[in-house]
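Taking it in order: structure first as structure tokens, then the write-up.
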There are 2 protein chains.
Amino acid sequence: MSSHIHQQKTAALNALLTSSQRQLVRVISESGPLSRTEMANLLGLSKAAMSGIARDLIDLGVLHETETVYGQGRPSVRLDLHPECAFFVGISLLEDPAPMILCDLNGKIIARQSMPLSRDPQVIAEAITEGLPSLLEAHPEATEKLSGIGVALSGFVDETQSNCVQSTLLNWQDVPLAKIVRERSGVETFIENDAKAVAVSEKLFGSAREIQSFSVVSLGDGIGCAHFIDGKLYRGNHGGAGEIAHCTIEPGGSPCRCGKRGCLDTVSSMKAIKEMSRAEGLECVSLSDIENEASTGNAAAIRILHRAGSGLGLAIANLIQINDPGLILITHVEGSFDGLFGTVVNQAIETNVLPRYAGQTPIRIKRVDGDVWARGAASIAAHNFLIGPNTTEVSHAHRCRRHPYRMQHL
Amino acid sequence: MSSHIHQQKTAALNALLTSSQRQLVRVISESGPLSRTEMANLLGLSKAAMSGIARDLIDLGVLHETETVYGQGRPSVRLDLHPECAFFVGISLLEDPAPMILCDLNGKIIARQSMPLSRDPQVIAEAITEGLPSLLEAHPEATEKLSGIGVALSGFVDETQSNCVQSTLLNWQDVPLAKIVRERSGVETFIENDAKAVAVSEKLFGSAREIQSFSVVSLGDGIGCAHFIDGKLYRGNHGGAGEIAHCTIEPGGSPCRCGKRGCLDTVSSMKAIKEMSRAEGLECVSLSDIENEASTGNAAAIRILHRAGSGLGLAIANLIQINDPGLILITHVEGSFDGLFGTVVNQAIETNVLPRYAGQTPIRIKRVDGDVWARGAASIAAHNFLIGPNTTEVSHAHRCRRHPYRMQHL
DNA sequence: GACACTAAGTTCAGAAAATGAACAAATCAA
DNA sequence: TTGATTTGTTCATTTTCTGAACTTAGTGTC
């Protein structure tokens, strides 16, 4: 009973645990640290049953005790996932060279390197496999407990998080990347759309752990968005939930590369802002350049930032009206949100949201570094390790009902 | 084991069943009829366990066998909820007089009457209680198995489906209507926003039973909308999910009663269409009046329908982009969708959705009669009877863990 | 600081529920 | 008719959960 999970070949937690143990892992990963009593109530089990389940998971190295919460009576001890229970590799195919990171179950980055980007899935699989030894080199524990690889890319991914249905950037159509990488590297692999990966990492590793429903809007060259609803990533019926970049914001506006006109992407993405600046004869390498121009009173710069900010604000306001999320998390790589752009975005949200709700939906701005996508990718691997393949409700349980860990270990 | 549920005082199914039985009821109500083997896989149980659970639920009168599906091997028999397992009363507070219906678990309306509308919750509770005997009069079975009352209203309802947080129409603020009706009538009562109630009835009774993620847009005097996501009603963080009527569609447009400008409600609701018509000197009692004018070439009528249709189409397109639902169900009481208005709506959806997705999201139009709201209300009661109070995941289970039916009946 | 008080978490015998394996039943296909 | 195939049942055995009593670790009070 005290043997460690990773004494046997790496496999999803899923396959090693009993149904109750799995449920518990899911609840903790959705709700954050909980005391045994809270868990028992949440799962509808007796304290007695919970006691045993928690003990087994602690012995397995999956959970550990964290803070003690004092109240009336005996203090309760919160249990959380053990950060070093498993390690994951995440790769972002959004940049060249492609960042490749190693992190633990808390999302803490332990090692970092990069690999050349390619459009050939075989070459990618090769590069990942080649890169693994040096990434893992100084970390024997991580090597032993490596539990998955995640890949983030720009494009559509199917609900199994295995196949890229379509990617304009990579020029892909129905590429079973996860399978290819899995077979080449021998490590369980999952892929996901960039924005969705970021949302999962915010839920699993980040600042949204305790929030059940929220949306992440990620600003980069393009605009990505993804929703968590009732504790789960909502991918949409065709994996297209969150494609806010192609909401029509300026009906009849500029043509977009998607074939429509007036998409948010043509108005508020960094790419659009840079292009509009260039068209106005303004030097604009990053957002701060044009923010600076605007602050010195340049009318064109002000106009551009106003237009971009109102567009994004309107889109976010629509999102709030439609989904009433508990939080909007705006992540941005470039520049800052303290300037005109951020101000206009906030104003536009306020003026386009039902007055009753204005200010009711927290908007959190988060500046992120170049590791977001890779970390997001790793979080996809982590999620699959913890919860198992994306499923509706309980429907996955049958796949691995056999062999709860007791039978294998004792 | 063969005693019937309703031999004892009516209570949520919830409280009488074991955890597995409850899970099964939930899965069936979310996914429609299933064979025992399918259920076993879905719940992660053995066929052996499933066999017993199904037998018990059939004996209890909760499930019954429906079609037989022939394939290779022994045919499978689908089990579904027994329509006469329980009966519900639904009341719509959207019209005066307020419709009041009695229906079974299939949503079949068994009796129908109406009661005077009031803004005083006590008076409403009184009217409902007074109305019950005559509604139930000719239906002894329904009387015996009456399992809940549902009330639909225009406004915001909290997540317990008990309190009306705010209703402009009724001029309410924090009214615990469910409690008041429950105490007066002695019957378990739940309330819900009109659009959300319609969505639940479509999922439970209607054409969306097998669809896990969809949105309902209901066109009436106002415009309502509600989402089902992964098999569950998504109410939003403040119960405001689906408030599409106050999405800004025409930035800087006409002022809306909500305080903003250019809301969808000021452009595409029947109320707005009628007002715009009147402003143009057109007679417009119902949508067909102005559709007729348009078909004879009246420019003003065409302009109005175009504006209204584009607005609604754009809003729905935004909804599709943001949530990628598996179905958009548009319900309308008045007129038809075959005229100019419907055509423009469809066109606007097509032109504002990512071309990749155009035509991928089925749009279903459904003309509904005056019973929609009351039926929707009844479905809220039914849902609470089947699944128990609105909860996230498993978290409700602890409330009624004791006394599985075996102990009470044998 | 001794005392009750409270609530968290543990232990263990007994009860309930799920399993696996063998089997019965209902169809198709040849 | 026979075999293949898959659904659904039965039952002895195993696993899991429960209830009740108990231990533990604090708070608050005098």
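For the numbers below, each heavy atom of this structure counts, side chains included, while hydrogens, waters and symmetry mates do not. Worth saying up front: this structure is predicted, and the values here are computed from it rather than measured. Sequence lines set the chain letters: A, B, ... in the order given, protein chains first and strands last, and positions in each chain run from 1.
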Quick one: list whatever passes salt bridge (charged side-chain N to carboxylate O under 4.0 Å, His left out) with B/Arg209, sequence neighbours left out.
B/Asp80
Applying salt bridge (charged side-chain N to carboxylate O under 4.0 Å, His left out) to A/Asp158 and not counting sequence neighbours gives none
If you check the [X] side chain, which of [options] turns out closest?
X	options	result
A/Thr37	C/dT19, C/dG9, C/dT11	C/dG9
B/Lys47	C/dA17, D/dG8, C/dG9	D/dG8
B/Leu45	D/dC17, D/dT10, C/dA18	C/dA18

Report, one pair per line, the protein and nucleotides 12-15 of chain C atoms (nitrogen or oxygen only) whose separation is under 3.5 Å.
none

Taking ring pair (Phe, Tyr, Trp, His ring centres under 6.0 Å) as the test, write out the residues that go with A/His64, two or more places apart.
A/His82
So, does A/Ser35 get its side chain near the phosphate of C/dG9, meaning an N or O under 4.0 Å from OP1 or OP2?
yes
Going by the salt bridge (Lys or Arg N to Asp or Glu O under 4.0 Å) test, which pairs reach into residues 60-72 of chain B, not counting sequence neighbours?
B/Arg36-B/Glu65, B/Glu67-B/Arg78
Nearest-nucleotide wise, let me know which of A/Thr68 and B/Met50 is further upstream toward the 5' end of DNA chain D.
B/Met50
Among residues at least two apart in sequence or on other chains, which ones pass side chain to side chain donor-acceptor pair (under 3.5 Å) with [X]?
X	answer
A/Thr66	none
A/Glu141	A/Lys145
A/Arg182	A/Glu188

Spacing of CD1 belonging to B/Ile211 relative to NZ belonging to B/Lys203, to within rounding of 0.5 Å:
8.0 Å
Using C1' atoms of five pairs at each end, report the bend of the helix from C/dG1-D/dC30 to C/dC23-D/dG8 rounded to 10 degrees.
40°
Just to be sure I understand the geometry, which residues of residues 70-80 of chain A put a non-hydrogen atom under 4.0 Å away from DNA chain C?
A/Gln72, A/Gly73, A/Arg74, A/Pro75, A/Ser76, A/Val77
For A/Glu183, check side chain to side chain contact (heavy atoms under 4.5 Å, CB included) against everything at least two apart and list the hits.
A/Lys179
Can you list every pair that meets ring-ring contact (aromatic ring centres under 6.0 Å, His included) and has a residue in residues 16-49 of chain B, with sequence neighbours left out?
none
